Amino acid sequence: MWTRAELKENAKKFFKFNYWKMVLVTFILTLLGGGGGGGGFNVSYTRSFDLGSGHMSSSEMMGFLAAFFTTFTIVMIIAVAMSVFLYNPLLVGAQRFFVVSHYQKAKLDELGFAFSNGYGNVVKTMFLKGLFTSLWTLLFIVPGIIKGYEYRMIPYILAENPGIDYRDAFAASRQMMDGNKWNAFVLDLSFLGWNFLSVFTCGILSIFYVGPYVFMTNAELYVALKEITFGNRGQNYQNGQAGQYAYDYQAGQSYQDDQTYQNGQYYANDQDR
């Protein structure tokens, strides 16, 4: 069974070996996922009215509302498209980067992994993950949170097998998180202090330490759950309802078949770091 202390200790160990690359990956994700500043439209549009009159006519109000909602809709469509077609595949690549970092020094090329390996399936599966979580959240916040933890391993599963059927990915994540959702929640809570400190450094601490630390810790959680649930190589995932289905890590063989990946021996034998 995994413990928070073990995961964090391993994360710190691997963090040191690949520090600057992990920082860069975290920075890229933060840059794309942080969102831009809003409100610019509001200011510029309202200034176009006759401020001296102190009021807007009904036609001006209707024009303002129409322009506002049109702009809002366009911005939301662009934001969703960016998230679905760019950020989500990038996130899968980032999770692959951190999982590979458990076995050996990962290359930055891993960040773009999903764009050249099962891109369409990754986009679809990650979109469904977000959609299902949102729909559960609409029912009530708590079911949405629970489902969020139930689907937590999906990006990692896609990172190692981007061609896996989305139903198998959901089933595998569900099985991996069975009995582990509360402990994962407590693991997240253990980073609250670091996140609080990051706010006071305007996010600088998050990029240079907290973000990579959290990403690596979560990758360690995935590796631990994968080995506990499915064995050391993750062969023969169980579906519970539909029986066995193959999960052979074909996309991950580039590092998992490396003779030096076992138990972090790559790092021990690496003389160049």
Side-chain angles (χ1 to χ4, degrees), residues 1-30 90-111 113 149 152-153 155-160 173 176-177 180 182-198 201 203-234 249 251-273:
M1 185 61 184
W2 62 273
T3 66
R4 295 191 305 277
E6 289 175 347
L7 296 184
K8 290 184 173 183
E9 182 180 353
N10 288 340
K12 290 177 181 177
K13 177 177 66 176
F14 297 129
F15 185 27
K16 292 186 297 183
F17 291 123
N18 219 7
Y19 175 77
W20 286 110
K21 289 181 182 178
M22 291 186 181
V23 168
L24 182 57
V25 169
T26 301
F27 175 74
I28 292 173
L29 287 180
T30 302
L90 203 62
L91 177 62
V92 170
Q95 306 299 27
R96 179 180 173 85
F97 172 88
F98 283 98
V99 171
V100 172
S101 294
H102 171 85
Y103 302 104
Q104 63 185 47
K105 277 189 176 180
K107 299 179 180 179
L108 287 175
D109 295 352
E110 304 291 357
L111 194 59
F113 174 80
Y149 278 93
R152 183 177 182 133
M153 295 296 118
Y156 299 93
I157 294 169
L158 289 170
E160 292 202 303
S173 180
M176 292 174 76
M177 293 303 296
N180 289 289
W182 173 255
N183 289 332
F185 175 70
V186 175
L187 175 65
D188 290 341
L189 290 180
S190 70
F191 290 108
L192 279 181
W194 282 113
N195 292 327
F196 186 72
L197 289 175
S198 296
T201 62
I204 295 176
L205 183 62
S206 177
I207 293 174
F208 286 95
Y209 184 77
V210 181
Y213 180 28
V214 173
F215 272 119
M216 193 65 230
T217 301
N218 285 325
E220 288 299 309
L221 174 62
Y222 167 72
V223 171
L225 291 181
K226 180 182 67 175
E227 294 180 355
I228 290 171
T229 309
F230 304 111
N232 189 46
R233 294 300 298 274
Y249 291 99
Q253 290 180 359
S254 60
Y255 64 88
Q256 291 211 0
D257 281 346
D258 188 336
Q259 305 255 332
T260 60
Y261 89 91
Q262 293 283 357
N263 301 319
Q265 291 179 12
Y266 178 93
Y267 291 113
N269 297 331
D270 182 11
Q271 303 297 325
D272 298 327
R273 57 180 174 83

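Just so you know, these numbers come straight off a predicted model, no measurement behind them.
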Of all heavy-atom pairs linking A94 and V25, the shortest is CB-CG1, 3.8 Å
By side-chain contact (heavy atoms from CB on, under 4.5 Å), which residues pair with L205, not counting sequence neighbours? W194, L197, S198, T201, Y209, V210
Backbone N/O of M176 and side chain of N180: donor-acceptor pair under 3.5 Å: yes
For N183, check side-chain hydrogen bond (donor to acceptor under 3.5 Å, both in side chains) against everything at least two apart and list the hits. none
Let me confirm one number: the OH-CG distance from Y222 to N218, rounded to the nearest 0.5 Å. 13.0 Å
Minimum heavy-atom distance between R96 and A159, given as atom pair plus value: NH1-O, 2.9 Å
Taking only residues two or more places apart in sequence or in another chain, which ones pass side-chain hydrogen bond (donor to acceptor under 3.5 Å, both in side chains) with Y213? none
To the nearest 0.5 Å, what is the distance between CD1 (I207) and CD1 (I28)? 11.0 Å
Quick one, L111 with F97, criterion side-chain contact (heavy atoms from CB on, under 4.5 Å). Give me CA distance, side-chain angles, the key distance, then yes/no. CA-CA 6 Å; L111 194 59; F97 172 88; 5.6 Å; no
Rounded to the nearest 0.5 Å, how far apart are OG of S173 and CG of L158? 9.5 Å
So which atom in A106 and which in S101 form the shortest heavy-atom distance, rounded to 0.1 Å? CB-OG, 3.4 Å
Contacts of type side-chain contact (heavy atoms from CB on, under 4.5 Å), residue A184, not counting sequence neighbours: Y149, R152, M177, L221
Under 6.0 Å from the CZ atom of F27, do we count more than 12 heavy atoms belonging to anything else shown? no
Nearest 0.5 Å please: distance from the CD atom of E160 over to the CD atom of Q95. 11.5 Å
Please give me the minimum heavy-atom distance between L225 and W2, naming the atom from each residue. CD2-NE1, 3.4 Å
At what distance, to the nearest 0.5 angstrom, does CZ of F191 lie from CZ of R4? 10.0 Å
Considering residues at least two apart in sequence or located in another chain, which fulfil the ring-ring contact (aromatic ring centres under 6.0 Å, His included) criterion with W182? F185
For A219, side-chain contact (heavy atoms from CB on, under 4.5 Å) partners two or more places apart: F98, V99, Y156, M216
Smallest separation among heavy atoms of P155 and V92, with atom names: O-CG1, 3.8 Å
Applying salt bridge (charged side-chain N to carboxylate O under 4.0 Å, His left out) as the test, list every pair that has at least one member in residues 17-29; sequence neighbours left out. none
If I take atom NE2 from residue H102 and atom CZ from residue F14, how far apart are they, to the nearest 0.5 angstrom? 5.0 Å
According to ring-ring contact (aromatic ring centres under 6.0 Å, His included), who are the partners of Y19, at least two apart in sequence or on a separate chain? F15
